[in-house]
Structures are given as structure tokens and as C-alpha cells.
Amino acid sequence: MYSEHSPHSHAFLGAAHDENARRTLWVVALTFAMMVVEIAAGYVTGSMALLADGFHMATHAGALGIAAGAYAFARRNVNNQHFSFGTGKVGDLAGFASALILALVALGIAVESVARLLNPTSVAFGEAAIVATVGLLVNIVSALMLSGGHHHGHDHHSPHHHGHAAEHDHAHEHAPGGDNNMRAAYIHVLADALTSVLAIVALLAGRYFGWVWLDPVMGVVGSLVIGRWAYSLMKASAAVLLDVTDEHVAAEIREILAPVPDMRITDLHVWQVGPQARAAIVSVAGSGLTARQIREQLQPVHEISHLTIECQAAPALASGPSTLAMTART
């Protein structure tokens with residue numbers, strides 16, 4: 001019986017994790033500052049437009065705060081053994097929460113817009129346009145700050161072996177993937193920018209053409225677009241949280257192993273464990289196979305960050321097959 005152990009890390013954070021965290025913190029600070037100024041100015045001037053936009057900004061500041069908190073939690077617990085596959089999916093949990101907040105914001109805008117469409121109220125077009133313009137400028141700056149976080153990085157290769165009546169080899173490489181936490185922060189900023197643009201168009205039309213009805217109509221349009229973004233983000237983050245199979249990587253594994261003679265795949269699981277990391281469990285049956293041979297065959301699948309291979313001798317399932325398992329992590 002052979003056993004060799006070597007400790008390894010399950011750090012599956014995105015390559016740009018720390019940079020994204022810093023960018024998000026700056027945007028949180030900027031959004032919070034703008035929120036305080038608008039609410040304070042609203043109380044001083046008695047402007048409902050300023051107060052409304054200030055409290056609207058507060059919801060986005062809260063959502064962005066969730067994103068920043070998720071980055072901090074994931075980094076602080078990156079080597080916490082309590083998390084079996086690390087904290088690479090914390091950002092997806094935060095992204096899902098942000099999507100829910102975004103959906104509620106969209107619903108609130110839609111309800112308020114329909115109410116104003118049915119019961120028009122007077123609008124201070126000039127004052128509101130100034131507020132919307134300032135908000136748009138803040139969101140443009142925030143979007144530029146966040147957009148620098150969309151890139152891929154590289155991890156280092158450090159194989160090791162361990163096993164008990166089995167052989168294990170871990171390999172971990174970087175793979176392209178999406179950071180749903182950063183995506184959530186970005187969508188919140190874009191949503192706020194969209195509402196500002198639509199508001200400016202509607203307010204100018206109301207002031208110069210008397211189209212008072214356009215303001216609530218633009219609100220409905222904005223709520224539909226934001227709702228669509230929220231649904232898309234919710235769907236993407238939920239897929240990661242529920243360990244939905246990465247069909248692209250699974251198909252690539254099947255394609256590579258299909259030509260191997262006297263071997264068949266008996267079980268295959270591929271799922272995301274971080275923004276740029278996939279885990280895979282590959283069970284094969286065949287004669288004369290070793291886990292190391294299968295691992296070498298799968299080297300081209302660079303998306304895999306944590307690989308577990310189980311080899312079973314084909315003939316005798318009834319008598320208890322000999323099993324050779326290997327996990328690979330770089």
C-alpha cells in the first residue's frame with residue numbers, strides 16, 4: 001500500500017481578485033459620498049428630486065457594499081479549511097444577492113412610474129435635470145473605475161501527489177471565466193447611469209416640448225431593461241451556486257478521451273469553483289489504465305483547476321474492482 005501526502009491550497013479566487021476589490025471600494029466611497037451630498041442638499045433645499053435620487057443612490061451603495069464585503073471575506077478566508085473548495089464562489093453568492101436588490105429596484109421604479117403615468121404630478125424639470133446630470137457623471141467615473149477589472153491572469157503550476165491505496169496528483173491552472181461579483185457591481189453602476197440618461201431625455205422633453213408623460217414612460221422602459229439585467233445576473237450566479245455542469249469543458253474531456261482504446265467514461269462531473277477555476281471528477285473503466293495516463297491526456301483542458309480521476313479495471317465489477325484514483329491540482 002502506497003501513500004504520499006503533500007499539502008496544497010484550494011485558493012480559487014480570480015486572478016484580478018485584489019484589484020477588483022480595490023476598485024469596488026473606491027466606487028463604494030464615491031457612491032456613498034454622492035448619496036450623502038444629495039440627501040443633505042435635498043433637506044436643505046426642500047427638493048424631492050434630490051432626496052429621491054439620494055435614497056435611490058443609497059440602494060446602489062448598499063449593493064456595491066455587498067460586493068466589496070464579498071471580496072474581503074473571500075480573501076480573508078482563502079485558506080480556511082472549513083470551505084472544502086475554498087471561497088471562490090463567495091462572489092457568486094454576493095452577485096445573486098445584488099441581482100435580487102437590482103430586481104427590487106426595477107420593480108420599485110416600474111410601480112412608481114406607472115403610478116405617475118396614471119396620476120401625473122408636477123416636476124421641477126430644470127432642478128431634476130441637474131441632479132440627473134451630476135448622477136450620470138458620477139456613474140461614468142464609477143464605470144470607468146470598474147471596467148479596468150475585466151481581464152485574465154495567470155496562476156502558477158505546482159503539482160503534488162498523495163493517496164491511500166490510491167495515487168493522487170493535483171494540478172491547478174487558470175482558465176477564462178466571469179467574476180459575477182464584479183459583474184454585479186458593474187451592472188448596478190450601468191443601471192444607475194441608464195436611469196440618469198433616460199431621465200435627462202425625459203426631463204428635457206418635458207421642459208421644452210411639454211411632454212410630461214415621457215418621464216414615467218422612460219421610467220417603465222428603464223425598469224424593464226434593469227429587470228432584464230437582474231435576471232441575467234441572477235441566472236449566471238445561480239448556475240455557479242448550484243454547480244451546474246460546464247458543458248463546454250465536459251464536452252472537451254469526452255472528445256479527448258473518446259479515441260483512447262479499451263476505455264469508457266463511466267461518470268463525469270465538471271463544475272465551477274471560482275471565477276477562473278473548474279473542478280472535474282472523471283471516472284473511467286478500462287484495462288491497463290493508470291490515473292497518470294488519463295491526466296496526461298487531459299493536460300490540454302486548461303480550464304480544469306482541480307481534477308479527480310478514478311480508474312476501474314473493466315472486467316470484474318462484481319468481485320470488487322481495483323480502483324486507482326488520482327486528483328490533480330496546479
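Atoms considered below: every heavy atom in the structure, side chains included; atoms not considered: hydrogens, waters and symmetry mates.
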Begin from the C-alpha positions of R183 and S232 and carry the test side chain to side chain donor-acceptor pair (under 3.5 Å) through to its verdict.
CA-CA 11 Å; R183 182 184 174 195; S232 175; 2.6 Å; yes
Should T59 and L104 be marked as a side chain to side chain contact (heavy atoms under 4.5 Å, CB included) after you check the CA-CA gap, both sets of side-chain angles, and the distance that decides it?
CA-CA 10 Å; T59 62; L104 291 175; over 6 Å; no
Just do the side chain to side chain contact (heavy atoms under 4.5 Å, CB included) check on Q276 and E303 with the steps written out, would you?
CA-CA 7 Å; Q276 296 159 335; E303 294 93 343; over 6 Å; no
Could you walk me through whether Q293 and Q297 pass side chain to side chain contact (heavy atoms under 4.5 Å, CB included), step by step?
CA-CA 6 Å; Q293 289 174 327; Q297 292 283 333; 5.7 Å; no
Run the side chain to side chain contact (heavy atoms under 4.5 Å, CB included) test on V225 and L194 for me, step by step, so that the C-alpha distance in whole Å, both residues' side-chain angles and the decisive distance to 0.1 Å come before the verdict.
CA-CA 9 Å; V225 175; L194 174 67; 3.5 Å; yes
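Among all heavy-atom pairs drawn from A94 and N181, the shortest one is CB-OD1, 3.4 Å. In terms of heavy atoms, A199 sits closest to A132 at CB-CB, 4.2 Å. Of all non-hydrogen atoms in L214 and V201, the two that sit nearest each other are CD2-O, 4.4 Å. Closest of all the heavy-atom pairs between A129 and I200 is O-CG1, 4.5 Å. Contact between G95 and S237 at its shortest, heavy atoms only, is C-OG, 4.1 Å. Here the shortest heavy-atom pairing between C311 and I294 reads SG-CG1, 4.0 Å.
Both M182 and I140 are members of a single hydrophobic cluster when ILVMFWY side chains are connected at heavy-atom separations under 4.5 Å. Note: the hydrophobic cluster containing F96 does not contain Y71 (ILVMFWY, side chain heavy atoms under 4.5 Å, direct or indirect links). In the hydrophobic clustering of ILVMFWY residues, with side-chain heavy atoms under 4.5 Å counting as a link, F85 and V240 come out apart. There is a path of hydrophobic side-chain contacts, each under 4.5 Å, that joins L64 to V36. I187 and V105 fall within the same hydrophobic cluster, defined by Ile, Leu, Val, Met, Phe, Trp and Tyr side-chain heavy atoms under 4.5 Å apart, directly or through other members.
Annotation: W229 is not in aromatic contact with Y186 [ring centroid separation under 6.0 Å not met].
No donor-acceptor distance shorter than 3.5 angstrom exists from the side chain of S305 to the backbone of A279, with no hydrogens or angles considered. Using modelled atom types, one side-chain atom of T31 and one backbone atom of V27 make a donor-acceptor pair closer than 3.5 Å. In terms of modelled atom types and a separation under 3.5 Å, the side chain of T87 and the main chain of A74 share a donor-acceptor contact. Side chain of Y231 to main chain of A103: no donor-acceptor pair is present (N/O by atom type, distance under 3.5 Å, no hydrogens or angles).
Atom-to-atom distance recorded for R295:CZ and I309:CD1 is 8.0 Å, nearest 0.5 angstrom. The line from CG of N139 to CE of M57 is 5.5 Å long, rounded to the nearest 0.5 Å. Residue T24 holds its OG1 atom at 12.5 Å from CD1 of I66, rounded to the nearest 0.5 Å. Taking CZ of F32 as the start and CE of M35 as the end, the distance is 4.0 Å to the nearest 0.5 Å. Here L198 contributes atom CG and S223 contributes atom OG; the two are 10.0 Å apart, rounded to the nearest 0.5 Å. Between R264 atom CZ and Q312 atom CD the span is 8.5 Å, to the nearest 0.5 Å.
In this structure, I304 and L307 have side chains that are in contact, with non-hydrogen atoms separated by less than 4.5 Å. For the pair W271/I281, a side-chain contact is recorded, criterion being any heavy-atom separation below 4.5 Å from C-beta on. Looking at heavy atoms from C-beta onward, V284 lies out of side-chain contact with E310 at the 4.5 angstrom threshold. Residues R278 and V273 are not in side-chain contact: their nearest non-hydrogen atoms beyond the backbone lie 4.5 Å or more apart. Under the 4.5 Å side-chain criterion, counting only non-hydrogen atoms from C-beta, I226 is in contact with T195. By the 4.5 Å heavy-atom criterion applied to side chains, L117 and S113 are not counted as neighbours. The shortest side-chain heavy-atom distance between D246 and Q272 does not fall under the 4.5 Å cut-off. At least one side-chain heavy atom of R75 sits less than 4.5 Å from a side-chain heavy atom of H17.
Residues passing the side-chain hydrogen bond (donor to acceptor under 3.5 Å, both in side chains) test with D215: none are found, sequence neighbours excluded. With sequence neighbours excluded, the residues forming a side-chain hydrogen bond (donor to acceptor under 3.5 Å, both in side chains) with H60 are H56, H188, listed by chain and number.
Using a 4.0 Å cut-off between a side-chain N of Lys or Arg and a carboxylate O of Asp or Glu, D18 and R23 do not qualify as a salt bridge. Between R292 and E296 no salt bridge is recorded (no basic side-chain N to carboxylate O distance below 4.0 Å).
For the residue pair D179 / N20, a side-chain donor-acceptor distance below 3.5 Å is found, with atom types taken as modelled.
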